Number of protein chains: 2
Amino acid sequence: MKTSRYEEAGVNIDKANALVEAIKPIVTSTYKRGVLTEIGGFSGLFALDTDQYKEPVLVSSTDGVGTKIKIAIMANRHDTIGIDLVAMCVNDIVVCGATPLFFLDYFSTGVLENDVAQAVISGIANGCKQAGCALIGGETAEMPGLYRAGEYDLAGFTVGVVERSKIIDGSEIGVGNVLIGIASSGIHSNGYSLVRKIFFEELGLGVADEIPGLDGVTVAEELLRPTKIYVPIVLHLLKASAPIKGIVHITGGGFFDNIPRILPASCKAVVRKGTWPIPPIFEFLQEKGSISEEEMFRTFNCGIGMILIVPEQDAKDVLFQIQAMDEDAFPIGYIDPRRDDEPQVVLEDI
Amino acid sequence: MKTSRYEEAGVNIDKANALVEAIKPIVTSTYKRGVLTEIGGFSGLFALDTDQYKEPVLVSSTDGVGTKIKIAIMANRHDTIGIDLVAMCVNDIVVCGATPLFFLDYFSTGVLENDVAQAVISGIANGCKQAGCALIGGETAEMPGLYRAGEYDLAGFTVGVVERSKIIDGSEIGVGNVLIGIASSGIHSNGYSLVRKIFFEELGLGVADEIPGLDGVTVAEELLRPTKIYVPIVLHLLKASAPIKGIVHITGGGFFDNIPRILPASCKAVVRKGTWPIPPIFEFLQEKGSISEEEMFRTFNCGIGMILIVPEQDAKDVLFQIQAMDEDAFPIGYIDPRRDDEPQVVLEDI
């Protein structure tokens, strides 16, 4: 068959169509009640169950995985970066109490490699299953001239729903409330430009090298650990009517930028260092990268990926419920009154 | 102030925060009833008006603008590419009859330039206003090492709603129905890798050059014409109870790949060439690029950006209604019976 002019320009529609066929079973494996269409139409359709909601509020978020994607490319391991993509989005919507409904992905690359794309989308489907949302759409863009050979970028979008009266917005946070930190699975997906600078430029390590002092864990293993998806934990607690006043996703900006997003102006969060174990990777980064403590907590999750704020008298019970799900959680601080000239987040030594 | 280690690694959180402040008034100008939050939380919230819908179906789409983005970068003109981004998404959801509710954008770049980002987001807000949807979220990612200096990529995501019984899915398309084509505003946002190859590699033109034979129009002007947003036209017709059986967005894959998406297997679409004026840019591309007619209709919109399929007896009235909105529309073909061995889209000379 004659090569088309569009193909000569670097875009192969047939290959893209073959990809759509190949990922169909992966994508449909995420479907759940509400999904109305198969992949391939102009859009994804999802029927909202209006019996369940008196005043349904749609909650949506978009995110990428930052330059963690460069690690996946360097290590040529593409099957988990999709989990990160889903995690970054769904963790942003579950903090207001929303149940994720569906997800869409945007995958753009210089030259479409179907095996890479398929691995990425398998990871996305895996993440969607963990979060209980359906992958109902996506765009695969072949953009010769924008991305270098072998490189790609990812964006994710999710929509969830919450009953209006049950939105968790932090407005009920009060003095004396306790901060419960739920463990992270590693660096998650923030701060990777700094991580890469330290590992590759300054320490001269390669992705296959073991990280000194980390028990034989390789750079690729540690840096590609998928971001934890907190949706099942949070929704389980909410279903059990846990009295959660606020939830914080420790995403870009760490403790200092994220906790204030939901904190009333009259409150400050006192985070007590030493109340949870800092995973070795963060100590390694701080030491080798000569990063100040302040910057560590402004850039990384430092071992805590999500914080629940609960009344003091309920803290033990919530901790117990989380631990009963085999998850690590710790009382990491408390809410104090705040004057206008004080910061909203304070680190305290114990 | 001491430069942070994260900043040394190429990521500037303060600059990103300054951008968020700068775009706030632009973003909030798109707000409408239903929007519950200001920008800055973990997510965007939108209250669904359940009184208006018995069985609300959420319709969502994600898309990018392909390498049209390279033209914006080459021409250093960033204020309209956001219109394209919105158009590509909302045109995909309005085809099933959905009213767009909200939009989110993902903007990733090598080094954040706030004036560029602000221009891009102004374009997105402009597009959102045209489509009647609120810009309720977005992500700006600074990814040194993935994008070249001065380059960026965009992904968009929209959610709309349609009453389940009113979904337009093409299943009621019947033999004898008429194809009404609504004019495009230009190349829209597909086929740009080929367009760039022809203009820049083969013809050696620059973005500031006039296109030979196109009345003094420059390359940048023609190639950056914003994609038409068909939402107001389609929603106006649906509100007036126009009996529309199917709607096709002529997006990537042109006539040949898009019309079949909604066509029953027993039908074929006969597109009658010469029933509408092919804009000069497409004739220029076909001639200078030595592109076959088949490939033109598989890659470009060739002057028709959206097709409505209506019963023959209603065609005149629908045409009249569209023209009354000062839009160009033409009866460009009809639906014929199809045998299993026949193609779904046929070009016919008049």
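A quick note: this is a predicted structure, and the numbers were derived from the prediction, not measured. The chains referred to below are lettered A, B, ... by the order of the sequence lines, with proteins before strands, and numbering in each begins at 1.
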Does any heavy atom of chain B fall under 4.5 Å from the side chain of A:Tyr53, the backbone, both, or neither of them?
neither

A:Val95 side chain reached by A:Met306 side chain, heavy atoms, under 4.5 Å
yes

Between B:Ser61, B:Gly10, B:Gly34, B:Gly145, which has the largest tally of heavy atom pairs under 4.5 Å with chain A?
B:Gly145

Taking B:Thr67, B:Asn17, B:Ile73, B:Leu146 one by one, which has the highest count of heavy-atom pairs under 4.5 Å against chain A?
B:Leu146

Check whether A:Leu154 gets within reach of chain B through its side chain, its backbone, both or neither, counting any heavy atom under 4.5 Å.
backbone

Quick one: which of B:Lys54, B:Lys70, B:Met143, B:Glu294 has the most heavy-atom pairs under 4.5 Å with chain A, could you say?
B:Met143

Tell me, for B:Ala47 versus chain A, whether the close heavy atoms (under 4.5 Å) come from the side chain, the backbone, both or neither.
both

Rounded to the nearest 0.5 Å, how far apart are CD1 of A:Ile307 and CD1 of A:Ile259?
4.0 Å

Would you say the side-chain atoms of B:Lys15 pair up with the backbone N or O of B:Leu112, donor to acceptor, closer than 3.5 Å?
yes

Chain B: which of A:Arg164, A:Glu55, A:Glu142 shares the most heavy-atom pairs with it under 4.5 Å?
A:Arg164

One option among A:Arg148, A:Glu151, A:Arg196, A:Glu201 has the most heavy-atom pairs under 4.5 Å with chain B, and it is A:Arg148

Output the distance between atom OG1 (B:Thr109) and atom OH (B:Tyr147), rounded to the nearest 0.5 Å.
8.5 Å

Please report the interatomic distance CG(B:Asp63) to OG1(B:Thr158), rounded to the nearest 0.5 Å.
11.5 Å

Check each atom of B:Glu163 against the heavy atoms of chain A and say whether the ones under 4.5 Å are side chain, backbone, both or neither.
neither

Please look at B:Thr140 and chain A and tell me whether the side chain, the backbone, both or neither of the residue comes under 4.5 angstrom of a heavy atom of that chain.
neither

What's the spacing between A:Tyr6 OH and B:Tyr192 OH if we round to 0.5 Å?
11.0 Å

Does A:Arg298 come within less than 4.0 Å of A:Glu295, counting only side-chain N to carboxylate O?
no

For chain B, which of A:Ala98, A:Ser60, A:Ala9 has the most heavy-atom pairs under 4.5 Å?
A:Ser60

Pick from A:Leu48, A:Leu194, A:Val159: which one has the most heavy-atom pairs with chain B under 4.5 Å?
A:Leu194

Under 4.5 Å from any heavy atom of chain A, what part of B:Ile247 do you find: side chain, backbone, both or neither?
backbone

Interchain contact, A:Val59 with chain B, by part (heavy-atom threshold 4.5 Å):
both

Chain A contact via B:Asn258 - which portion, at a heavy-atom distance below 4.5 Å:
both

Identify which part of B:Thr299 has an atom lying under 4.5 Å from any heavy atom of chain A, answering side chain, backbone, both or neither.
side chain

A:Phe107 vs A:Ile124 side-chain heavy atoms within contact, under 4.5 Å
no

Distance (rounded to the nearest 0.5 Å) between B:Ile262 CD1 and B:Ile168 CD1
9.0 Å

B:Ile198 versus B:Gly289, closest heavy-atom pair with distance
CD1-CA, 3.6 Å

In terms of heavy-atom proximity below 4.5 Å to chain A, should B:Ser193 be classed as side chain, backbone, both, or neither?
both

Separation between CG (A:Leu101) and CZ (A:Phe46), nearest 0.5 Å, reads 4.5 Å

Is it the backbone or the side chain of B:Val248 that comes under 4.5 Å from a heavy atom of chain A, or both, or neither?
both

Which bit of A:Thr50 comes within less than 4.5 Å of chain B, counting heavy atoms only: side chain, backbone, both or neither?
side chain

Heavy-atom pair count under 4.5 Å with chain A, highest-scoring of B:Ala141, B:Cys96, B:Gly64:
B:Gly64

